Amino acid sequence: MISDFLGGVLILAGAAIIAVAALGLLRLPDPFTRMHAATKAGVLGAGLTMLGVGIALGSIPAVMTGVAGMVFLLATSPLASHALGRAAYISGAPLAPATFTDALAGVLPRN
Amino acid sequence: MNPSLILRTSAPLLLWMPLVVSLYVLVRGHNDPGGGFIGGLIAAGGVLFYAIARGPAAARAVLRLSPVALCGLGVLVATASGIPALLTPETPYLTHFWWFPTLGVTLPLGTALVFDLGVYLTVLGMASALFCALVEEAQ
Amino acid sequence: MSFLGLCLTLAMVLIAGAILAVAWRLLAGPSSADRVIATDMLGLLAIALAALVAGLTGQQAFLDVALGIAVFGFLAAIAFACLLERTSATQEGPR
Amino acid sequence: MLALPILGVGIAAVLASLARPRIASVVGVIAALAALTVYLTQVSSVAEGLIPTAAFGAVPALGIAGGLRLDGLSLVFVLLITGIGALILLFAEGYLADDPKRKRLVAMLLVFMLAMLGAVTADDVIVLFVFWELTSLTSFLLVGYKHEREASRRAALQALLVTGGGGLVLLAGLILLTMAAGTTSLSGIIAAQSAVLADPLASVAMVLIILGCFTKSAQVPFHFWLPNAMAAPTPVSAYLHSATMVKLGVYLLARLNPLYQEEALWQALLSYGGIATALTGVCLAFRETDLKRVLAYTTVTALGTLVMLIGIAPDLSITAAMTFLVVHAFYKAALFMIAGAIDHAAGTRDASQLRGLGQVMPVTALAAGLAAFSMAGLPPFVGFVAKELIYEAKLEMGSAATGLIVAGFLVNAATVAIAVVLSWRLFAGRQLVAPSGAASPPHDPPLSMMVGPVVLACLGLMAGTLPTVLGAVLIDPAVTAVLGRPADVTLKLWHGFNAVLALSAATVAVGIVLYLLWERLVPRLKAVSLLDRFGPSVGYEHWLAATLRLATRTTTTIQHGSLTGYVRTLVLVMAVACLGMLILRGGVAWPQGGASLDARAGLGGLMLIGLGGTVLARTALQAVLAMGLVGFTTALVFLMFGAPDVAFTQFVVETLLVVILTTALMRLPIQGRDGRSRQQKLGDAGVALLCGVAVAAVLAAVLASPFDPRLSVWFGAESLPAAHGRNVVNVILVDFRALDTLGEITVLAIAAFAVVALLRSNRPADPAAPSPQGPLA
């Protein structure tokens, strides 16, 4: 019973975080901030959902898969977001007017 | 295509991890979702990542064999898995045989797995050949 | 309805909303970068959905699918990133 | 036993092609003589009516009975083929003495002899057809022997196309015949006469076979290839286009005569076709001065007469046909060789420029005289016997054949005239008239070239003086074979004074008159250009040119080179095929009992959004990514409907597709804007819509038809016990249908080779790039 309750809570949390990430993707002004929302929150949401379902299912392999999924997502998401951010900058995505200074001005070519 | 330092350094870790997953998917394919095709694709994904991070030449080095030769090997292995059926009289080609060695836990080993390995290698070879060629193309 | 069932259906509704939002961003996204990010987010949504379906149906197979998508989604993100560098977002097309 | 000579000649052909020229000819002659002797041993047994047979070329799998059979008719042909073949090979040795490549001709002649022997002794329709086509093929090679000359190449092609086309028509007829008779063996078909005639398509089969024989034996509409085939070297013309190949059609008509002889259509077609050919042959012969072309046209006439004789049914005309067949072979082959000798010695074949050769070429003159008299049908020669029989057969038919008699009279008279031209005009006379261009003054050709004509001329004389021997030994069994029932044949030189003798005397007289007019007739007839503009050969040229034009037009329309065009055609054909089949087979159905609409239907909506995004996308990259959304939704559908394996594959494939497409787009010079005109866009939209509707209709039809669960039930039950696997999808892929998967991965491997080759081919070979390790890198 306890695993159902815990699983349910985790699933709800995960789904909520994903919903917020989607909202962020809609409302945020420029690609870079959207990228943060998508990768950071998205990954956490998906990870929590997997973990929750793993626990809810209860069997050892299920939990193992859930944990493995969570670990893998957390391990690789920084890489993905780094690559995406860099690519977005190089590909010349528009910076929101509110940005004060463009730290990467001289560092990376920008077409 | 000069991928960033982070990608280059993380390349080996993120090559072996998909390969391990793909082998896991391949081996249990007979009972749970998975199998030769999916395993091959995941492994090829890893190779793709390595080709992007370290360049196609490095990816080929990792594969030891050239991707196209891998295809040939795969088809060979798949065909070879039918040989035992050929040897035993009047069993049609490619019927699979099973042994159940018990090393602690009974491990179902069969020529079907060999056939699946053949499929795995072919798909891996085909996809990585495609990717290496494409990445070279993109440079 | 068991508590777990309730959570799952509620999560499903939330994820459906998220899919619509991401789809809109994918289609309308002013620059290519937005579209690539939306595609990456789709991957993540797929993982969540696969996990939810695993929960609903109780089959552990779908959880493995979720793991597989995670691996492959990440690889796709990297591939898209390197492709994105080649395009220039402003001219809306490859250089 | 019967297969022995055929194989022997085949081996000789191989040896001849390897040995030195002189030895090749010797080998050829020996092989021909050996085959002749083998067949001669059979003469006595065939005469008593016991017909040797042998197994040959039976293919039980295809239901081909195979087998060889030597009855009277085949015996006559076989003796002619090998006998004249030996003389021709001997003649060729002398005639082409200075040609280093003549061993190729000898080898081809031997292959031709093999084909002829096979055709005339075949007792199976398919074996007969194979050898029939082999003769056409070898005649193409032989006529085109001097391939450096454009004229001989064109003549060879014309001969091949006409006889080859006829061969196809013949095959159709033969197959109809086999279907009606139920067996492919010729004797079997003839035995099953009632079944064959009862068959509704009997007359169609008969007409097809007659057409096939007409093209082979150069009958009227198809006669034009024979005179053009004179571009071949003389030995070839002497052998193929006088004695053997062109007679194959006559042979088949004679062979099938017992089957069709009572058919009115058969008699009409053959007799009128034959007489028409005879007349045209004679008229055209009077327009020529070139020796070989004159002889070619007289051969056409002779073939016409033969076909006519087979057409009119009574026993006597068949006897006349068989005798005339032998007679014609003798004198025509001899005359052709003589023409070759004259050409060899005097350097020209134009009859008008040659007079009084007798003084310098006495032996040739003698042989020519004898052969010509036999051609003219004068008493001591067997030609006379044949002509008498022809007149007797026609008279016997009484009033019905008055037209035939008159036409026959004219034909014979003209033949007499030409015979006199070929002998008297060329050789008689005091002063020698010959073109001065010849290196040395004309003289008798070497011995090897003289043996042929002399032997054949003497045979004509001998057979004439003692016809009873010829009759009993050769003609009688042949006639029984053709009539299908025993017939008594009495050939005698002297029939006493009666109408027939008067008729032949009149023919000779008119012939002499025609000879005297020959000098003036030829130029006037040649001036009549009507024939040149509307003859069948003109039709042939037009038909050939039209086919070539059609071919180029279809190729350019289909291979237009635009990729979008190819894709459009592919998609359109698929859509039309699907819709067409559904509509025709009335399969269009909408699944009853609407599917329960729950949340999962929302996926359809998402797909439509993706579709909208793809269609409205401004750049190719946008379109690809929007399509990615559609793919993603498909994967979700699989996920929601409980198919983990397929869902995962769809996700992976979807992502790969988008990655690969985007990379490809990087390479393609696609500008942002879509370059198509508005009208093109509408066209493409139409094609796309049609394809969508077609696929939707197919899917609806599938859903509407009741789902047959037996297969999935069986796989579900069997997968664990038989294949030790719970994942049914994978078990099917790897175990139950492993062979299909093996095929699929082979296709994958081939695709990989292709992609690597393509991508590497258009990449500039920059030396800097490390050369790939080994070929398959």
Side-chain angles (χ1 to χ4, degrees), chain A residues 30-36 38-40 42-44 46-47 49-51 53-93 95 102-111, chain B residues 1-35 38-56 58-59 62 104-108 131-132 134-139:
Chain A
D30 69 3
F32 300 96
T33 45
R34 289 182 198 129
M35 184 269 294
H36 276 294
T39 48
K40 304 297 180 291
V43 165
L44 185 60
T49 319
M50 278 189 73
L51 197 61
V53 165
I55 293 168
L57 289 180
S59 67
I60 300 299
V63 173
M64 284 246 293
T65 324
V67 167
M70 181 76 175
V71 163
F72 175 77
L73 280 172
L74 290 180
T76 57
S77 73
L79 253 174
S81 51
H82 155 75
L84 279 176
R86 184 172 182 276
Y89 185 80
I90 289 177
S91 78
L95 283 164
D102 173 358
L104 289 170
V107 173
L108 278 175
R110 184 171 163 77
N111 43 13
Chain B
M1 177 64 80
N2 43 12
S4 69
L5 179 66
I6 301 176
L7 281 187
R8 276 206 302 277
T9 45
S10 63
L13 160 71
L14 288 167
L15 169 67
W16 297 115
M17 207 278 304
L19 285 185
V20 165
V21 168
S22 71
L23 284 180
Y24 167 64
V25 162
L26 166 69
V27 165
R28 67 165 199 166
H30 221 48
N31 297 312
D32 303 309
I38 317 275
L41 282 177
I42 296 176
V47 168
L48 169 67
F49 168 73
Y50 200 77
I52 294 172
R54 292 274 180 90
V62 160
V105 64
T106 55
L107 270 172
F131 295 152
C132 294
L134 280 175
V135 171
E136 256 156 24
E137 192 66 32
Q139 264 148 13

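Naming: A, B, ... by sequence-line order, numbering from 1 per chain. Values in this document were obtained by computation on a predicted structure and should not be read as measured data.
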Of all residues at least two apart in sequence or in a different chain, which pass the side chain to side chain donor-acceptor pair (under 3.5 Å) check with A/H36?
-> none
For chain B, which residues of residues 63-79 of chain A have at least one non-hydrogen atom nearer than 4.5 Å to it?
->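 Only A/F72, A/T76, A/L79 of residues 63-79 of chain A have a heavy atom under 4.5 Å from chain B.
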Say you draw a straight line from CG of B/L7 to NE2 of A/H82; how long is it, rounded to the nearest 0.5 Å?
-> 5.0 Å
